[in-house]
Amino acid sequence: MCGIVAYIGDKPALPLLLEGLRRLEYRGYDSAGVALVDRDALWMRKQVGRVADLDREVGGAPEATVGIAHTRWATHGGITQPNAHPHLDAQGRVAVIHNGIIENFSQLRLALEADGVVFRSETDTEVLPHLIAKHLRGDPLAAVTEALKSVRGTYGIAVLFADFPDEIVVARNGSPLVIGLGDGETLVASDPQAIVAHTRQVLYVQDREIARITRGRADIRTLGGVGVQRQSTRIDDVYGVADLDGFPHFMLKEIHEQPAAITRCLAGRVQVEEGNAKLGGLNLAPRDLVGIERVVLLGCGTSHHAGLVGAMAIEAMARIPAQAEIASEFRYRHPIVARDALYLAVSQSGETSDTLGAVEEVMLKGGEVCGLVNVVGSTIARTCGKGVYIHSGPEIAVASTKAFNSQVSALLVFTLMLARARNLSLGQGREMARQLQEIPSLVARFLDAPGPIDQAVERLIHAPYVLYLGRGFSFPVALEGALKLKEIAYVPCEAYPGGEMKHGPIAMLSKGSPVVFVIPDDAHRDKAMSNLKEVEARGADVIAIHTEGDDEIAALSGVSIPIPRTANWASPLVSVVPLQLMAYRAALALGRDIDKPRNLAKSVTVE
Ligand code: M6R
């Protein structure tokens, strides 16, 4: 989603800002822009498209050492050059870049227009430079503070002033901002990865804080005017420049990284001899584990699907009520937060606004919430204060693949730890630990010989509608498979529990309709088999993901994709892989922009 980079120092700012934007590209955006301050004047360029398109427009830029740059993911107003950031005040003396949403922008805009201000864009952001200019009387920080008093919504902003060329003002409420301190230079970004090439020493700006940024310094205070003393922290988890390693797309690379990612997630945590697991970051002793009466998993999209698998595993193995909640719904429905419940916020990026909102709601109501996050030092990880890193490594493709499997793995490790403290014997614990350890090699074995994926793809790519089905642990897998196909191939599809299908979606089926059925040999297999026969009787063309050697299902399917046998609770880690590959190859066949699908962002930092 939108990205912010700002620089003040002694080096030419422009190349540094563009490089920062390139490091944010994976997050998804549709236009980009940059502003520099040079000899008391603002110089600005913005462009629809990629950072490379902006790069072509910056010839003749001044050798300025102060500037701000932005990638925009459209929310208010179309994808146009005037709507791209930065936005200027009427005199062109104040430039603003903004992540987030100004919720009361229409009232603010009407009031400014009544004062004679002429707007040049359709964005919510443009109210900010006009408001700041209105309050500017010699003190940039005071002007921004004053302007923000009338603003309702979320923001991470960086403001550049033609008349104050030796400072940048930044502020945050709900949209991440990090300040990097270097030797005689200071950088600001919405994601530390944009600036870590220059400095690892960072200060995280918190909500309702504002800072005056000068060369090598950042003076932070609250929006109420109270000075903030904050120790800088060092970032060690630095992602290198993303490398395709010979793969044509990051998504395919990340699908193939899954055995290694799962291994990393399990390493040092699963204790086969003890039949147990250890997740030190949760800081939960056996006595605490025994006291947990309910587990609630909060997440969005793929992370929610991983949460669904986790909830089922916890109920099945630890015999504790567990539920996965869509974070965007949970946060606004005035949830009952139980004191004896453990809440787990599941997020790859650790920046998803809705998941963060749910975390804050739980905390506000006195609940205990831990993070289950990939990106080290991200907002959700820091807000929770304790939790589990899934150690997936950087996930660049917008469509999440290896993070799903690492999230499920971490949740299964947690399940083992919880179940062992409660009702699993040593022998049962050892068996579960052994089966977990086996997963990476099973995923690797499937990836080595994935079966007739292309036969499935031929049936999917021109279908007007595809139905994904699964029961038990395979229903979240069906949801995840359908999400992947929608996200990157734009093929209309939906997922249902096998038993629910005849209560409606079966009406969509006719002769030749593709139905993707995830049907491993588990406790649900025979019931799922009846559903398979029901769709087959309507002429559906079944693509079955089934356990190796299940000839009965193979015989009933148009396309049979066998997967290695696992424990039922571990099957999602393997059965999701053919669905990822099917979506990837469908998108490839349809000529889609696989790693940066239309309208999507990697990090959804607005609600
Ligand atoms: O970073 P998060 O895991 O919190 O992101 C949640 C969703 O936005 C994300 O999983 C989204 O659904 C992906 N594009 C799925 O491929």
Side-chain angles (χ1 to χ4, degrees), residues 1-2 24 26-29 73 175-176 190-191 193 249-252 254-255 258 261 297-310 324-331 344-360 369 371-384 387-408 410-411 476-477 479-490 493 495 576-577 579-584 587 592-607:
M1 222 156 227
C2 301
L24 297 182
Y26 76 98
R27 295 165 69 104
Y29 67 102
W73 186 84
S175 286
S190 48
D191 178 334
Q193 296 302 325
H249 297 96
F250 282 107
M251 183 178 175
L252 190 62
E254 287 157 9
I255 289 172
Q258 290 180 108
L297 298 123
L298 306 165
C300 300
T302 290
S303 297
H304 171 61
H305 299 159
L308 288 168
V309 176
E325 296 268 3
I326 296 173
S328 53
E329 288 294 309
F330 177 87
R331 63 183 292 197
L344 285 175
V346 185
S347 174
Q348 188 284 130
S349 62
E351 301 295 349
T352 300
S353 170
D354 284 315
T355 309
L356 180 62
V359 166
E360 288 168 343
V369 56
L372 198 129
V373 171
N374 190 32
V375 178
V376 176
S378 54
T379 307
I380 292 174
R382 285 182 291 109
T383 305
C384 293
V388 182
Y389 283 119
I390 62 170
H391 299 310
S392 204
E395 193 179 62
I396 304 295
V398 165
S400 185
T401 53
K402 66 173 177 171
F404 171 83
N405 257 341
S406 301
Q407 287 165 339
V408 171
L411 288 168
V477 178
L479 283 169
E480 178 57 11
L483 180 67
K484 290 289 92 88
L485 191 70
K486 271 178 256 196
E487 279 189 299
I488 59 164
Y490 321 143
C493 58
V576 76
V577 181
L579 304 191
Q580 296 167 342
L581 285 174
M582 272 159 49
Y584 172 79
R592 309 297 194 216
D593 189 351
I594 294 181
D595 286 336
K596 296 188 187 109
R598 72 182 179 204
N599 302 337
L600 290 176
K602 183 68 182 161
S603 213
V604 185
T605 48
V606 295
E607 316 181 27

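Scope of the values below: all heavy atoms of this structure, side chains included, with no hydrogens, waters or symmetry mates. All residue numbers in this chain count up from 1 along the given sequence. First listed ligand is number 1; within each ligand, the first listed atom is number 1.
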Pairwise, report which nitrogen or oxygen atoms of ligand 1 are under 3.5 angstrom from protein nitrogen or oxygen atoms, and how far apart they are.
unit_1   : atom_1 : unit_2 : atom_2 : d
ligand 1 : 1 (O)  : Ser349 : N      : 2.8
ligand 1 : 1 (O)  : Ser349 : OG     : 2.6
ligand 1 : 1 (O)  : Thr352 : OG1    : 3.3
ligand 1 : 3 (O)  : Ser303 : OG     : 2.6
ligand 1 : 3 (O)  : Gln348 : N      : 2.7
ligand 1 : 4 (O)  : Ser347 : OG     : 2.6
ligand 1 : 4 (O)  : Thr352 : OG1    : 2.4
ligand 1 : 5 (O)  : Thr352 : OG1    : 3.4
ligand 1 : 10 (O) : Thr302 : N      : 3.1
ligand 1 : 12 (O) : Thr302 : N      : 3.4
ligand 1 : 14 (N) : Val398 : O      : 3.3
ligand 1 : 14 (N) : Glu487 : OE2    : 2.5
ligand 1 : 16 (O) : Thr302 : OG1    : 3.4
ligand 1 : 16 (O) : Ser400 : N      : 2.8
ligand 1 : 16 (O) : Lys484 : NZ     : 3.1
ligand 1 : 16 (O) : Glu487 : OE1    : 2.7
ligand 1 : 16 (O) : Glu487 : OE2    : 3.0

- Message: I want to check a possible cation-pi pair here: Arg592 against Tyr490, using under 6.0 Å from ring centre and within 45° of the ring axis as the test.
- Response: no
- Check step by step if side-chain hydrogen bond (donor to acceptor under 3.5 Å, both in side chains) holds for Ser406 and Ser392. CA-CA 6 Å; Ser406 301; Ser392 204; 3.2 Å; yes
- Qualifying residues under salt bridge (charged side-chain N to carboxylate O under 4.0 Å, His left out), relative to Glu254, sequence neighbours excluded: none
- Message: Give me each pair satisfying salt bridge (charged side-chain N to carboxylate O under 4.0 Å, His left out) with a member in residues 349-358, each pair once, sequence neighbours excluded.
- Response: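 For residues 349-358: Arg331-Asp354.
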- Task: Identify the heavy atoms of Ser349 and Ser603 that sit nearest to each other, and give their distance.
- Result: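 Closest pair (atom of Ser349, atom of Ser603, distance): CB-OG, 3.6 Å.
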- Message: His249: which residues meet the side chain to side chain donor-acceptor pair (under 3.5 Å) condition with it, sequence neighbours left out?
- Response: Tyr584
